[in-house]
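Below: the structure, in structure tokens.
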Protein chains: 2
Amino acid sequence: MGITRFIDNGGQTPDLDALVDPAPMEALKLINLRKSTHVLLIYGDMVASYEGRAKSQLEDLMPRLVISKPDGTFMVHESNKEKPRLWNPPPSTLYVSMNLGILTLRSVRVNPREVVIVDIPVIRFVGAVRLGVTSNYRVFGTEDDLVNAIVNNPSIVEDDLQVIAREYHTIVGDIDILGRDSRGNLVVIECKRNQAGPEAVNQLKRYVEHLSQKEGRSVRGILVAPSISSTAYRYLRQYGLEFRRAQRSNSLGLSPP
Amino acid sequence: MGITRFIDNGGQTPDLDALVDPAPMEALKLINLRKSTHVLLIYGDMVASYEGRAKSQLEDLMPRLVISKPDGTFMVHESNKEKPRLWNPPPSTLYVSMNLGILTLRSVRVNPREVVIVDIPVIRFVGAVRLGVTSNYRVFGTEDDLVNAIVNNPSIVEDDLQVIAREYHTIVGDIDILGRDSRGNLVVIECKRNQAGPEAVNQLKRYVEHLSQKEGRSVRGILVAPSISSTAYRYLRQYGLEFRRAQRSNSLGLSPP
DNA sequence: TACTACATTTCGCCC
DNA sequence: GGGCGAAGTGTAGTA
């Protein structure tokens with residue numbers, strides 16, 4: 001039998017519990033005690049199954065790691081890959097039970113209905129840790145930053161470009177930036193934070209086609225990205241669309257012409 | 001001081017190590033000892049930063065969970081969400097060091113160059129677990145399964161439909177299924193495993209346009225999916241494209257007309 | 001709730 | 001290694 005360690009915290013709920021080689025009943029108790037407040041780490045030999053939008057099974061009994069978060073996040077991790085092998089995204093609900101001495105975890109998601117079931121005949125470790133959440137989290141260098149830079153200074157795309165609207169809604173989707181050039185032509189600007197592929201060109205083409213049809217006159221389309229694949233570039237030129245290179249940096253300036 | 005527990009395994013590398021409230025040096029040793037073979041779990045109060053394709057920082061010191069896998073996967077998890085707050089995908093390399101008694105983790109990815117740095121002034125727990133990898137993993141209900149079902153029985157899309165090719169390569173992308181209808185018209189079939197949006201319609205439109213131009217005659221386009229958004233449907237009809245509902249199930253049959 | 005598009009997407013396949 | 005597109009995508013924003 002392993003170590004059972006409920007850390008004493010003066011009657012308060014501890015931030016950390018760690019059970020090594022616990023009895024299934026011990027594990028079950030700790031999981032139920034902490035599942036709504038702590039992140040649970042469960043290590044052991046397990047099999048698992050998933051059914052919902054799709055379906056899959058992990059039939060081979062082998063050591064895996066289950067991570068459960070209080071918001072309902074449920075993941076079954078293996079030795080490689082960033083993505084869990086099986087999972088349920090939040091919000092989901094975790095149910096724990098014991099059948100014939102075997103611990104079973106059931107994560108249930110309601111919409112869409114998805115169920116992950118994990119049977120753990122051998123429980124090697126159960127941990128419960130209290131984690132924080134960063135507020136006011138910010139990532140720099142997103143597409144949105146690029147759009148902002150252009151809206152604040154349209155000349156980095158083209159001289160005398162006027163911005164008419166940002167996030168311009170159309171029936172075929174949202175246009176990043178709608179502008180007007182020095183000759184009075186409408187200009188659709190589609191921004192990508194990394195290399196543009198055929199899909200990006202197609203997206204721009206869709207907006208331009210729609211708008212030129214609706215307006216009854218030709219509309220320019222400019223794809224702004226740090227780079228573009230050769231296939232995508234041919235495709236773009238074929239439809240008379242334009243490409244403008246954007247410096248790929250966190251300061252998000254545009255390169256000189 | 002906490003529990004230090006290197007599990008004795010008769011001289012062999014154990015599958016599980018668990019250190020509660022370890023000294024930084026203890027933690028460092030265990031991490032270096034196991035980082036290339038085990039999945040590491042590191043819990044404590046930490047700050048972190050990321051710089052690479054984008055940039056962000058977790059400046060507030062708070063309890064978080066680091067998970068490191070032997071393939072280089074590196075994740076900083078918080079109390080909610082499925083996705084880690086900060087991460088490096090495999091393959092990356094983990095470096096551990098101590099500066100002024102503070103444990104520092106550095107995960108470095110080479111291409112593209114990305115670095116995640118984690119400073120852990122308070123180490124509450126370090127665990128090392130050996131996990132498996134499922135081989136021959138299979139998910140049922142993918143787009144590929146839907147394409148297969150149609151290729152095996154084209155009549156579920158339309159009577160007397162003949163399949164000419166699957167994954168038909170064109171300059172503008174790969175067509176899921178190319179067929180010919182009872183009247184001899186070419187038919188482009190685009191499959192989606194879940195609700196189709198404007199992007200899916202756009203994709204089909206791109207293929208149909210390309211092919212009809214190349215062949216010099218009209219080409220039909222059919223979007224096969226479990227459902228379609230109302231906007232996307234209007235868009236689809238506007239361009240004379242067709243929609244065929246596919247039953248959203250793991251057996252992947254198509255619903256009757 | 002539905003819909004849309006981004007993402008440090010990740011991942012797998014094919015060239 | 002680059003290009004391309006799917007994914008049980010997850011996630012945020014908006015109507």
Side-chain angles (χ1 to χ4, degrees), chain A residues 50-56 73 75 80-90 109 111-116 137 139-147 167 169-176 190-200 202-203 206-207 227-232 235 248 250, chain B residues 50-56 73-75 80-90 92 107 109-116 137 139-147 167 169 172-176 190-200 202-203 227-233 248 250:
Chain A
Y50 152 75
E51 182 153 9
R53 289 168 292 179
K55 187 176 173 178
S56 71
T73 300
M75 303 180 277
N80 60 4
K81 299 293 155 60
E82 177 181 329
K83 296 186 67 175
R85 199 42 128 174
L86 257 47
W87 74 92
N88 246 349
R109 184 188 188 189
N111 193 355
R113 171 91 183 170
E114 301 202 276
V115 181
V116 177
Y137 181 64
V139 179
F140 299 92
T142 62
E143 175 182 309
D144 214 46
D145 291 327
L146 178 53
V147 171
E167 290 291 302
H169 299 281
T170 76
I171 183 84
V172 297
D174 298 355
I175 294 171
D176 281 343
E190 174 64 30
C191 300
K192 287 297 165 198
R193 72 170 303 287
N194 45 17
Q195 174 164 302
E199 282 300 311
N202 208 30
Q203 197 178 347
R206 167 165 38 129
Y207 301 146
S227 64
I228 185 170
S229 73
S230 56
T231 321
Y235 182 34
R248 185 121 160 36
N250 293 325
Chain B
Y50 152 75
E51 182 154 8
R53 289 168 291 178
K55 187 176 174 177
S56 72
T73 300
F74 186 85
M75 303 181 278
N80 60 3
K81 301 292 155 62
E82 179 181 327
K83 296 186 67 175
R85 200 42 129 174
L86 257 49
W87 73 93
N88 244 349
S92 303
S107 169
R109 186 188 185 188
V110 173
N111 191 357
R113 172 91 182 168
E114 302 200 276
V115 182
V116 177
Y137 181 62
V139 178
F140 299 92
T142 62
E143 176 181 308
D144 215 46
D145 291 328
L146 178 53
V147 171
E167 290 291 305
H169 300 281
V172 297
D174 296 356
I175 294 171
D176 282 343
E190 174 64 29
C191 298
K192 288 295 164 198
R193 72 168 305 285
N194 45 18
Q195 175 164 302
E199 201 60 47
N202 204 190
Q203 202 178 343
S227 64
I228 184 170
S229 73
S230 55
T231 325
Y233 186 73
R248 187 123 159 31
N250 293 325

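Throughout, protein chains are lettered first and strands after them, A, B, ... in sequence-line order, and every chain is numbered starting at 1.
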What's the gap between D:dG8 and C:dC14 when it is taken at their C1' atoms, as a whole Å value? 24 Å
Closer than 4.0 Å, any side-chain N/O of A:K83 to the OP1 or OP2 of D:dG10? no
Carefully, step by step, assess A:R193 and A:E143 under the rule salt bridge (Lys or Arg N to Asp or Glu O under 4.0 Å). CA-CA 5 Å; A:R193 72 170 303 287; A:E143 175 182 309; over 6 Å; no
Short side-chain N/O contact from A:R193 to OP1 or OP2 of C:dT9, under 4.0 Å: yes
Contact class for A:Y207 (heavy atom, under 4.0 Å): base, sugar-phosphate, or nothing? sugar-phosphate
What's the spacing between B:E82 CD and A:W87 CH2 if we round to 0.5 Å? 6.5 Å
Closest of D:dG10, C:dT8, C:dC11 to the B:S56 side chain is C:dT8
C:dT4 phosphate, OP1 or OP2, under 4.0 Å from A:Q203 side-chain N/O: no
Donor-acceptor pair, distance only, cut-off 3.5 Å: does the side chain of B:D145 make one with the backbone of B:G141? yes
Which pairs, protein N/O on one side and nucleotides 1-4 of chain D N/O on the other, fall under 3.5 Å?
residue	atom	partner	partner atom	Å
D:dG3	OP2	A:Q195	NE2	3.1
D:dC4	OP1	A:T231	OG1	2.3
D:dC4	OP2	A:S229	OG	2.5

How about A:R53 and B:N194: do any of their side-chain heavy atoms sit closer than 4.5 Å? no
Which value, in whole Å, describes the distance between the C1' atoms of nucleotides C:dT8 and D:dT14? 24 Å
Under 4.0 Å, counting only non-hydrogen atoms across every strand here, what does A:E190 touch: a base, just sugar-phosphate, or nothing? sugar-phosphate
Let me confirm one number: the OH-CG distance from A:Y137 to B:L86, rounded to the nearest 0.5 Å. 5.0 Å
May I ask you to say what B:Y137 touches in the nucleic acid, namely base, sugar-phosphate or nothing, with a heavy-atom cut-off under 4.0 Å? nothing
Could you give the CG-to-C1' distance, from B:L86 to C:dT9, as a whole number of Å? 14 Å
What pairs with A:D144 under salt bridge (Lys or Arg N to Asp or Glu O under 4.0 Å), at least two apart in sequence or on another chain? A:R166
At 4.0 Å (heavy atoms only), tell me whether B:P89 reaches a base, stays on the sugar-phosphate, or touches nothing. sugar-phosphate
On the nucleotide C:dT9, are OP1 or OP2 found under 4.0 Å from the side-chain N or O atoms that B:W87 carries? no
Nucleotide D:dA12, atom P - distance to CD of A:E143 in whole Å: 17 Å
Quickly work out the A:E82 CD to C:dC11 C1' distance and round it to whole Å. 10 Å
Is the shortest side-chain N/O distance from B:K192 to OP1 or OP2 of D:dA6 below 4.0 Å? yes
Separation of B:R85 atom CZ from C:dT8 atom P, in whole Å? 11 Å
Mind calculating the distance between CG (B:N80) and P (D:dG10) to the nearest angstrom? 15 Å
Send over the distance from A:E199 CD to C:dA7 P, rounded to a whole Å. 16 Å
Starting at atom CG of A:D144, determine the distance to atom P of D:dT14, rounded to an integer number of angstrom. 10 Å
Under 4.0 Å: is that the gap between some side-chain N or O of B:R53 and OP1 or OP2 of C:dT9? yes
Between the side-chain atoms of B:N194 and the base atoms of D:dG8, is any donor-acceptor pair under 3.5 Å? no
Can you tell me how far the CG atom of A:N80 sits from the CZ atom of A:R85, to the nearest 0.5 Å? 7.0 Å
Whole-Å distance, A:F140 CZ to C:dT8 C1', equals 14 Å
For a salt bridge (Lys or Arg N to Asp or Glu O under 4.0 Å) check, start with the C-alpha distance between A:E51 and A:R113, then their side-chain angles and the critical distance, and finish with the verdict. CA-CA 9 Å; A:E51 182 153 9; A:R113 171 91 183 170; over 6 Å; no
